[in-house]
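Notes follow once the structure below has been shown.
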Amino acid sequence: MDDIQDLENQLLAQIRNLLSQINNNILQLEKLNEYEKNISGNQYYLYNYQMQEINSLINSMKLLIGILENIKDYITLYYKEISGNPYITPNIKIEILGQINNGIKEIKSMIDKLFVEIEILTNNLQRF
């Protein structure tokens with residue numbers, strides 16, 4: 001049990017680290033937005049700042065995927081911990097695991113919808 005708790009704590013530390021990196025990206029985006037206001041007349045600099053901005057956004061999305069992967073690993077450990085715990089009754093195990101499954105299905109649906117919307121948006125933008 002302690003081994004699982006140690007692994008869970010490692011995963012939580014990794015998630016915290018990724019969130020910190022996302023926060024740094026947000027701070028960078030805020031700075032880029034300020035620079036863009038100041039140099040809006042210079043096409044060359046504006047292009048560079050816009051490219052930095054989009055790269056920062058894409059990196060943030062990659063970090064979010066990393067967070068989701070770590071959460072998946074955390075849920076896997078949690079699942080093993082629950083299913084192997086002799087003190088939790090079968091009915092409670094079924095309820096907990098059912099709640100995990102329902103939550104995951106709901107999140108998957110939300111992510112699928114989000115990426116369909118992003119794909120439609122990028123396809124529409126390419127037409128301009």
Side-chain angles (χ1 to χ4, degrees):
M1 183 87 108
D2 285 340
D3 291 337
I4 289 177
Q5 297 301 320
D6 290 341
L7 290 173
E8 287 176 350
N9 286 332
Q10 287 176 359
L11 286 170
L12 291 172
Q14 290 172 357
I15 291 168
R16 188 178 311 110
N17 180 39
L18 291 171
L19 288 170
S20 175
Q21 290 178 41
I22 289 174
N23 189 52
N24 289 339
N25 282 1
I26 291 169
L27 293 173
Q28 180 185 11
L29 285 169
E30 288 173 346
K31 288 179 184 176
L32 288 171
N33 284 335
E34 285 302 312
Y35 289 138
E36 282 183 79
K37 277 194 241 179
N38 296 331
I39 52 109
S40 60
N42 187 324
Q43 292 292 327
Y44 176 75
Y45 288 119
L46 190 58
Y47 168 81
N48 285 333
Y49 286 116
Q50 288 173 333
M51 292 305 289
Q52 288 177 38
E53 192 172 29
I54 195 66
N55 285 331
S56 185
L57 290 170
I58 290 169
N59 287 335
S60 292
M61 290 181 79
K62 288 177 182 178
L63 291 170
L64 285 172
I65 296 298
I67 289 171
L68 291 175
E69 289 172 345
N70 284 330
I71 291 172
K72 174 201 59 124
D73 293 343
Y74 185 92
I75 289 171
T76 301
L77 290 174
Y78 186 81
Y79 179 87
K80 288 178 183 177
E81 183 180 352
I82 295 297
S83 60
N85 190 329
Y87 301 107
I88 300 176
T89 65
N91 289 340
I92 293 175
K93 285 181 188 180
I94 289 170
E95 188 176 332
I96 291 170
L97 299 177
Q99 187 173 355
I100 290 170
N101 287 336
N102 289 337
I104 289 171
K105 287 177 185 175
E106 181 182 349
I107 291 167
K108 182 186 181 307
S109 174
M110 293 166 65
I111 290 172
D112 288 345
K113 180 182 174 196
L114 174 67
F115 279 98
V116 166
E117 290 172 357
I118 290 172
E119 196 172 322
I120 290 169
L121 176 66
T122 56
N123 286 338
N124 287 339
L125 290 175
Q126 287 177 349
R127 292 182 190 155
F128 293 113

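Sequential numbering from 1 along the given sequence is applied to the chain's residues.
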Can you list the residues that meet the side-chain hydrogen bond (donor to acceptor under 3.5 Å, both in side chains) rule with D112, with sequence neighbours excluded? K108
Members other than I120 in its cluster, when Ile, Leu, Val, Met, Phe, Trp, Tyr link by side-chain heavy atoms under 4.5 Å? V116
What residues form a side-chain hydrogen bond (donor to acceptor under 3.5 Å, both in side chains) with E34, not counting sequence neighbours? K37
Which ILVMFWY residues are connected to I118, directly or by a chain of links, through side-chain heavy atoms under 4.5 Å apart? M61, I65, L68, I107, I111, L114, F115
Without placing hydrogens or testing angles, list every side-chain donor-acceptor pair under 3.5 Å for residues 14-25, not counting sequence neighbours.
| residue | atom | partner | partner atom | Å |
| --- | --- | --- | --- | --- |
| N25 | ND2 | S60 | OG | 2.9 |

Set of residues satisfying side-chain contact (heavy atoms from CB on, under 4.5 Å) with respect to E106, sequence neighbours excluded: M110
Measuring from atom CG of D3 to atom CG of L77, what distance do you get when rounded to the nearest 0.5 angstrom? 10.5 Å
With ring pair (Phe, Tyr, Trp, His ring centres under 6.0 Å) as the rule and sequence neighbours excluded, what pairs involving residues 3-24 come up? none
Hey, what do you get for CG (L57) to CG (L32), rounding to the nearest 0.5 Å? 9.5 Å
Per-pair distances, 0.1 Å, donor-acceptor, side chain in residues 92-103, under 3.5 Å, sequence neighbours excluded:
| residue | atom | partner | partner atom | Å |
| --- | --- | --- | --- | --- |
| K93 | NZ | S83 | O | 3.1 |
| K93 | NZ | N85 | O | 3.3 |
| N101 | ND2 | L97 | O | 3.4 |
| N102 | ND2 | G98 | O | 3.3 |

Quick one: CD1 on I54 to CG on L29, what's the gap to the nearest 0.5 Å? 9.5 Å
Measuring from atom OG of S56 to atom CE of M51, what distance do you get when rounded to the nearest 0.5 angstrom? 12.5 Å
Contacts satisfying ring pair (Phe, Tyr, Trp, His ring centres under 6.0 Å) that involve residues 50-73 (not counting sequence neighbours) are none
Under the salt bridge (charged side-chain N to carboxylate O under 4.0 Å, His left out) definition, can you give me all pairs with a residue in residues 41-69, not counting sequence neighbours? none
Going by the ring pair (Phe, Tyr, Trp, His ring centres under 6.0 Å) test, which pairs reach into residues 5-39, not counting sequence neighbours? Y35-Y49
Check whether any side-chain heavy atom of L7 lies under 4.5 Å from a side-chain heavy atom of Q10, and answer yes or no. yes
Run the side-chain contact (heavy atoms from CB on, under 4.5 Å) test against Y74 and tell me which residues pass, sequence neighbours left out. E8, L11, L12
